[in-house]
J.: 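Before we start, here is the structure in question, set down as structure tokens.
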Amino acid sequence: MVKLVVSTFALHGKIWLFLDEELISTGSSTRELELKIGESYVLHWVIKGNPGSTYSISVSSPREAQYLLTRVIGVGEKEFGGYKFST
């Protein structure tokens with residue numbers, strides 16, 4: 001097993017964070033989850049908030065999944081994204 005450590009932040013918005021099809025976090029938070037070694041995962045998110053507000057997603061562990069995203073919510077008031085990683 002390996003530990004996934006992910007943090008989310010949204011200024012004037014809300015984030016829904018999923019690991020594969022499971023909702024693992026809502027809003028600004030830090031989560032730690034145990035993952036199986038040798039598996040593939042998809043981390044994906046949906047953000048809804050005020051245009052011009054910032055949000056960030058940071059994965060600090062495991063090394064194979066490290067990721068940092070900081071963005072501004074556009075005029076559509078919704079953003080989404082994701083990426084695949086293996087442990």
Side-chain angles (χ1 to χ4, degrees):
M1 299 293 266
V2 63
K3 188 180 290 192
L4 173 71
V5 180
V6 59
S7 299
T8 57
F9 172 77
L11 180 66
H12 306 297
K14 186 162 183 175
I15 298 178
W16 293 268
L17 184 67
F18 299 85
L19 182 64
D20 292 335
E21 66 280 351
E22 182 182 342
L23 178 65
I24 61 169
S25 175
T26 59
S28 299
S29 67
T30 298
R31 289 293 316 265
E32 294 185 9
L33 302 163
E34 294 290 329
L35 303 179
K36 295 179 183 177
I37 294 174
E39 298 286 326
S40 293
Y41 296 92
V42 175
L43 189 70
H44 53 106
W45 52 88
V46 175
I47 291 88
K48 181 178 179 183
N50 297 338
S53 298
T54 59
Y55 68 93
S56 66
I57 297 163
S58 171
V59 178
S60 56
S61 179
R63 181 178 48 81
E64 301 85 359
Q66 287 180 342
Y67 185 81
L68 177 60
L69 173 73
T70 301
R71 285 225 165 129
V72 174
I73 298 171
V75 295
E77 300 179 350
K78 297 176 185 170
E79 303 281 330
F80 68 94
Y83 72 101
K84 182 178 177 180
F85 66 93
S86 298
T87 55

J.: Identify the heavy atoms of Thr70 and Ser56 that sit nearest to each other, and give their distance.
T.: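 That closest heavy-atom pairing would be OG1-CB, 3.7 Å.
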J.: Could I get the full list of side-chain hydrogen bond (donor to acceptor under 3.5 Å, both in side chains) partners for Ser29, not counting sequence neighbours?
T.: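 Partners of Ser29 under the side-chain hydrogen bond (donor to acceptor under 3.5 Å, both in side chains) test: Ser25.
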J.: Check side-chain hydrogen bond (donor to acceptor under 3.5 Å, both in side chains) between Ser40 and all other residues, then give those that pass, not counting sequence neighbours.
T.: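 With neighbours one apart ignored, the set is Ser86.
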J.: Taking side chain to side chain contact (heavy atoms under 4.5 Å, CB included) as the definition, give me every residue that meets it alongside Gln66, ordered by chain and number, with sequence neighbours left out.
T.: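 Once residues adjacent in sequence are excluded, the partners of Gln66 under the side chain to side chain contact (heavy atoms under 4.5 Å, CB included) criterion are Arg63.
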J.: What pairs of residues pass the ring-ring contact (aromatic ring centres under 6.0 Å, His included) test when at least one of them lies in residues 45-76, not counting sequence neighbours?
T.: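 Every ring-ring contact (aromatic ring centres under 6.0 Å, His included) pair that includes a residue of residues 45-76, provided the two are not neighbours, is Trp45-Tyr67, Tyr67-Tyr83.
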J.: Do Val59 and Leu43 make a side-chain contact, defined as non-hydrogen atoms from C-beta onward lying under 4.5 Å apart?
T.: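 The answer is yes; the side chains approach within 4.5 Å.
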J.: What residues, two or more places apart in sequence or in another chain, satisfy side-chain hydrogen bond (donor to acceptor under 3.5 Å, both in side chains) together with Thr30?
T.: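 Per chain and number, Thr30 pairs via side-chain hydrogen bond (donor to acceptor under 3.5 Å, both in side chains) with Ser7.
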J.: Quick check: does any side chain N or O of Asp20 sit under 3.5 Å from a backbone N or O of Tyr41, one acting as donor and the other as acceptor?
T.: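 Checked: no pair found.
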J.: What pairs with Glu22 under salt bridge (charged side-chain N to carboxylate O under 4.0 Å, His left out), at least two apart in sequence or on another chain?
T.: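 Glu22: no salt bridge (charged side-chain N to carboxylate O under 4.0 Å, His left out) contacts found.
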J.: Does Leu69 belong to the same Ile/Leu/Val/Met/Phe/Trp/Tyr cluster as Ile24, with side-chain heavy atoms less than 4.5 Å apart forming each link?
T.: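 Per the 4.5 Å side-chain linkage, Leu69 and Ile24 are co-clustered.
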J.: Using a 4.5 Å cut-off between side-chain heavy atoms of Ile, Leu, Val, Met, Phe, Trp and Tyr, which other residues end up in the same hydrophobic cluster as Leu68?
T.: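 For Leu68, no cluster forms, as it stays isolated from other hydrophobic side chains.
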J.: Output a table of donor-acceptor pairs, distance under 3.5 Å, between side-chain atoms of residues 10-19 and any protein atom two or more places apart or on a different chain; print 'none' if there are none.
T.:
none

J.: What residues, two or more places apart in sequence or in another chain, satisfy side chain to side chain contact (heavy atoms under 4.5 Å, CB included) together with Val72?
T.: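 With sequence neighbours excluded, Val72 shows a side chain to side chain contact (heavy atoms under 4.5 Å, CB included) to Thr54, given in chain and number order.
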J.: Return the set of residues passing side chain to side chain contact (heavy atoms under 4.5 Å, CB included) with Pro51 (not counting sequence neighbours), or none when no residue passes.
T.: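 Pro51 satisfies side chain to side chain contact (heavy atoms under 4.5 Å, CB included) with Glu77 once adjacent residues are dropped.
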J.: Any donor-acceptor pair under 3.5 Å linking the side chain of Thr87 with the backbone of Lys36?
T.: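 It does hold such a pair.
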J.: Applying side chain to side chain contact (heavy atoms under 4.5 Å, CB included), name anything that partners Glu32, two or more places apart in sequence or on another chain.
T.: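 Glu32 satisfies side chain to side chain contact (heavy atoms under 4.5 Å, CB included) with Lys3, Val5 only.
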